Amino acid sequence: MGKTLYLLSNGELKRKDNTLFIARENENPKFLPVETLDEINIFGEVDFNKSLLEFISQKEVILHFYNHYGYYVGSFYPREHLNSGAVILAQAAYYMNAAKRIEIASSFVTGAIDNMKRVMEYYQRRAMVEIEDIIDALDTYSERAHQCEDVSELMGIEGNSREKYYEFFDRAVKDDAFKMVNRTRRPPSNRMNALISFLNTMCYTLALSQIYRTHLDPRIGFLHETNFRRFSLNLDVAEIFKPILVDRLIFSLINKREIQEKHFEKQSGGGIYLSDSGREIVLRAWEGRLNETIEHPTLGRKVSYRGLVRMEIYKLQKYIMENIKYVPYASRW
């Protein structure tokens with residue numbers, strides 16, 4: 001399973017023979033293990049040329065670009081090497097079939113809710129946090145999602161369930177510097193919102209990179225509308241994994257004081273964002289999290305969290321092509 005490279009500072013991305021390196025003034029070149037890379041996330045001002053893009057495409061490495069604030073800007077998505085006309089037609093047919101689409105879309109919502117509950121239960125056992133009222137509300141939302149017949153209504157249920165779940169954050173986090181109060185996005189109004197927005201973005205691009213390794217088309221989603229946005233399936237898949245990858249990592253970083261108030265800065269537009277040093281800490285922890293392994297409940301072997309995301313997409317592909325029922329991944333802790 002490949003890895004992710006994060007380029008945080010300025011430089012020039014170059015090709016030499018059959019490898020990549022980043023060149024910076026007054027520094028020795030840093031060579032990059034292209035054969036083991038799935039993706040490169042570029043946050044700094046990095047120069048490259050057409051020859052490099054051709055090489056990247058041959059090696060099936062995706063480039064994701066982010067602006068100064070850490071917002072996703074776009075991707076260099078190489079020519080799909082695993083494209084399958086049969087799979088794309090089947091995926092589109094499921095999208096056009098109202099019953100099949102709502103079945104898949106509701107699975108994403110209920111799978112996300114199940115993993116939200118797992119996260120809360122995990123921290124309740126350790127910190128005696130009151131969660132019964134939130135659990136009851138999420139159970140109601142999950143039941144409504146199973147009965148939903150309209151995707152727009154389902155999106156409303158997903159949004160309401162996540163807003164209710166976010167009430168747990170201020171109960172679990174004791175540091176007043178990281179109180180959320182309300183979820184705000186563009187711009188994030190406080191440090192907790194900044195962490196959520198930044199790591200949610202990383203989860204979206206992770207899912208996009210893993211979809212590239214399968215036969216599915218990232219432009220055809222089921223929960224998030226397939227419209228004029230370029231990608232939507234990665235947003236669907238990420239819903240399942242945000243609680244166990246993003247939210248648990250946030251709690252860990254704060255509780256261990258690896259991320260602190262000093263790692264944020266206020267921008268002229270009024271938003272609060274991670275500083276360069278804070279972003280480096282969070283990304284290092286994020287990559288560590290993706291490389292962690294757990295015992296897979298059915299395979300009988302250890303699988304990384306990055307691998308779990310790809311396996312989830314394969315499960316969806318099997319449902320579309322072989323009608324093997326899709327059951328979203330549920331954390332066991």
Side-chain angles (χ1 to χ4, degrees), residues 1-24 29-67 70-92 201-221 224 226-238 283 286-287 290-291 304 306-314 316-317 320-321:
M1 193 67 64
K3 295 185 178 181
T4 303
L5 178 72
Y6 305 90
L7 299 182
L8 301 177
S9 55
N10 301 344
E12 186 174 3
L13 191 58
K14 294 184 175 183
R15 170 188 178 181
K16 184 176 182 180
D17 298 326
N18 204 37
T19 190
L20 297 174
F21 69 95
I22 185 77
R24 298 188 178 96
K30 180 179 180 181
F31 286 87
L32 312 176
V34 66
E35 299 295 341
T36 61
L37 283 179
D38 274 354
E39 58 191 343
I40 301 176
N41 287 326
I42 299 177
F43 293 89
E45 294 294 327
V46 175
D47 296 324
F48 49 82
N49 59 25
K50 176 175 173 286
S51 173
L52 181 124
L53 292 178
E54 291 173 351
F55 180 63
I56 287 288
S57 184
Q58 292 169 7
K59 296 298 182 181
E60 303 176 27
V61 176
I62 300 175
L63 302 182
H64 299 301
F65 300 93
Y66 307 83
N67 68 12
Y71 286 133
Y72 173 71
V73 174
S75 299
F76 173 72
Y77 202 72
R79 179 177 61 85
E80 292 94 341
H81 291 258
L82 296 176
N83 255 3
S84 165
V87 174
I88 293 173
L89 285 174
Q91 187 180 349
T201 296
M202 301 314 301
C203 197
Y204 297 142
T205 53
L206 166 70
L208 178 60
S209 294
Q210 297 309 308
I211 291 169
Y212 178 74
R213 310 288 162 182
T214 74
H215 294 291
L216 292 178
D217 192 315
R219 295 166 294 187
I220 306 173
H224 293 84
T226 297
N227 50 28
F228 292 103
R229 71 161 62 95
R230 186 173 182 194
F231 305 119
S232 55
L233 184 60
N234 59 315
L235 306 181
D236 291 355
V237 174
L283 288 174
W286 170 253
E287 183 65 10
L290 297 184
N291 291 329
S304 71
R306 179 182 274 106
L308 275 179
V309 176
R310 190 180 303 182
M311 290 173 63
E312 195 70 15
I313 301 160
Y314 281 135
L316 182 60
Q317 181 176 301
I320 290 171
M321 296 304 297

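Keep in mind it's a predicted model, so treat the numbers as computed, not measured.
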K.L.:
What's the shortest heavy-atom distance between Pro218 and Tyr77, and which atoms?
P.N.:
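Here Pro218 and Tyr77 meet closest at CG-OH, 3.4 Å.
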K.L.:
I would like to know whether Arg306 and Thr4 meet side chain to side chain donor-acceptor pair (under 3.5 Å); could you show each step before the answer?
P.N.:
CA-CA 10 Å; Arg306 179 182 274 106; Thr4 303; 2.9 Å; yes
K.L.:
Is a donor from one side chain sitting under 3.5 angstrom from an acceptor on the other, for Ser75 and His64?
P.N.:
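Their side chains do contain a donor-acceptor pair, which is all the 3.5 Å distance test asks for.
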K.L.:
Check whether any side-chain heavy atom of Asn234 sits under 4.5 Å from a side-chain heavy atom of Gln210, and report yes or no.
P.N.:
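Answer no - side chains too far apart.
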K.L.:
Evaluate Ser304 against Asn291 for side-chain contact (heavy atoms from CB on, under 4.5 Å), listing each step before the verdict.
P.N.:
CA-CA 5 Å; Ser304 71; Asn291 291 329; 5.5 Å; no
K.L.:
What closest approach, in Å, do Gly221 and Ser232 show between heavy atoms, and which atom pair accounts for it?
P.N.:
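Scanning both residues, the minimum pair turns out to be N-OG, 3.0 Å.
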K.L.:
Any side-chain heavy atom of Tyr71 within less than 4.5 Å of one from Tyr66?
P.N.:
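A side-chain contact under 4.5 Å is absent here.
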K.L.:
State, yes or no, whether a side-chain contact exists between Leu7 and Ile40 at a heavy-atom distance under 4.5 Å.
P.N.:
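Counting from C-beta outward, Leu7 and Ile40 do come under 4.5 Å.
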K.L.:
Is Leu63 close to Glu39 at the side-chain level, that is, under 4.5 Å between some pair of heavy atoms?
P.N.:
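No. Closest side-chain heavy atoms not under 4.5 Å.
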K.L.:
Minimum heavy-atom separation for Tyr6 to Trp286, with atom names?
P.N.:
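Taking every non-hydrogen atom into account, OH-CD1, 3.1 Å.
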K.L.:
Would you check if Tyr72 and Leu208 make a side-chain contact, meaning some heavy-atom pair closer than 4.5 Å?
P.N.:
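They are in contact (side-chain heavy atoms under 4.5 Å apart), so the answer is yes.
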K.L.:
Is any NZ, NE, NH1 or NH2 atom of the basic residue among Lys59 and Asp38 found under 4.0 Å from an Asp or Glu carboxylate oxygen of the other?
P.N.:
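Answer for the salt bridge query: no.
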K.L.:
Please assess Leu233 against Gln91 for the test side-chain contact (heavy atoms from CB on, under 4.5 Å), listing each intermediate value before the final yes or no.
P.N.:
CA-CA 11 Å; Leu233 184 60; Gln91 187 180 349; 3.8 Å; yes
K.L.:
Can you tell me if Arg24 and Ser9 form a side-chain donor-acceptor pair at under 3.5 Å?
P.N.:
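Side-chain D/A pair, Arg24 to Ser9: present.
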K.L.:
If you round to the nearest 0.5 Å, how far is CG of Leu206 from CD of Glu287?
P.N.:
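Between atom CD of Glu287 and atom CG of Leu206 there are 9.0 Å.
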K.L.:
Considering all heavy atoms of both residues, which atom of Ile313 and which atom of Ala207 are nearest to each other, and what is their separation?
P.N.:
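Taking every non-hydrogen atom into account, CD1-O, 4.0 Å.
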K.L.:
Name all residues meeting the ring pair (Phe, Tyr, Trp, His ring centres under 6.0 Å) criterion together with Phe21; count only those two or more places apart in sequence or in a different chain, and write none if there are none.
P.N.:
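For Phe21 the ring pair (Phe, Tyr, Trp, His ring centres under 6.0 Å) partners, ignoring immediate neighbours, are Phe31.
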K.L.:
Is there a side-chain contact between Val34 and Phe55 (heavy atoms, below 4.5 Å)?
P.N.:
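Sidechains of Phe55 and Val34: in contact.
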K.L.:
Is there side-chain contact between Asn49 and Leu52, with heavy atoms separated by less than 4.5 Å?
P.N.:
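Yes - at least one pair of side-chain heavy atoms lies under 4.5 Å apart.
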K.L.:
Of all the heavy-atom pairs spanning Ile56 and Val61, show the shortest one and how long it is.
P.N.:
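So the minimum-distance heavy-atom pair works out to CG2-O, 2.8 Å.
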K.L.:
Checking side chain to side chain contact (heavy atoms under 4.5 Å, CB included) against Leu13, which of Val46, Asp47, Leu53 comes through?
P.N.:
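When Val46, Asp47, Leu53 are each tested with Leu13, the side chain to side chain contact (heavy atoms under 4.5 Å, CB included) holds only for Val46.
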K.L.:
If you compare all heavy atoms of Phe43 against all heavy atoms of Leu283, which two are closest, and at what distance to 0.1 Å?
P.N.:
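For Phe43 versus Leu283, the nearest heavy atoms are CE1-CD1, 3.6 Å.
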K.L.:
Take atom CD in Glu45; do more than 12 heavy atoms of anything else shown fall under 6.0 Å from it?
P.N.:
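12 or below, so no.
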K.L.:
Are any of the side-chain heavy atoms of His215 and Ile88 separated by less than 4.5 Å?
P.N.:
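Counting from C-beta outward, His215 and Ile88 never come under 4.5 Å.
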K.L.:
Between Tyr204 and Phe231, does the ring centroid distance fall short of 6.0 Å?
P.N.:
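No, too far apart.
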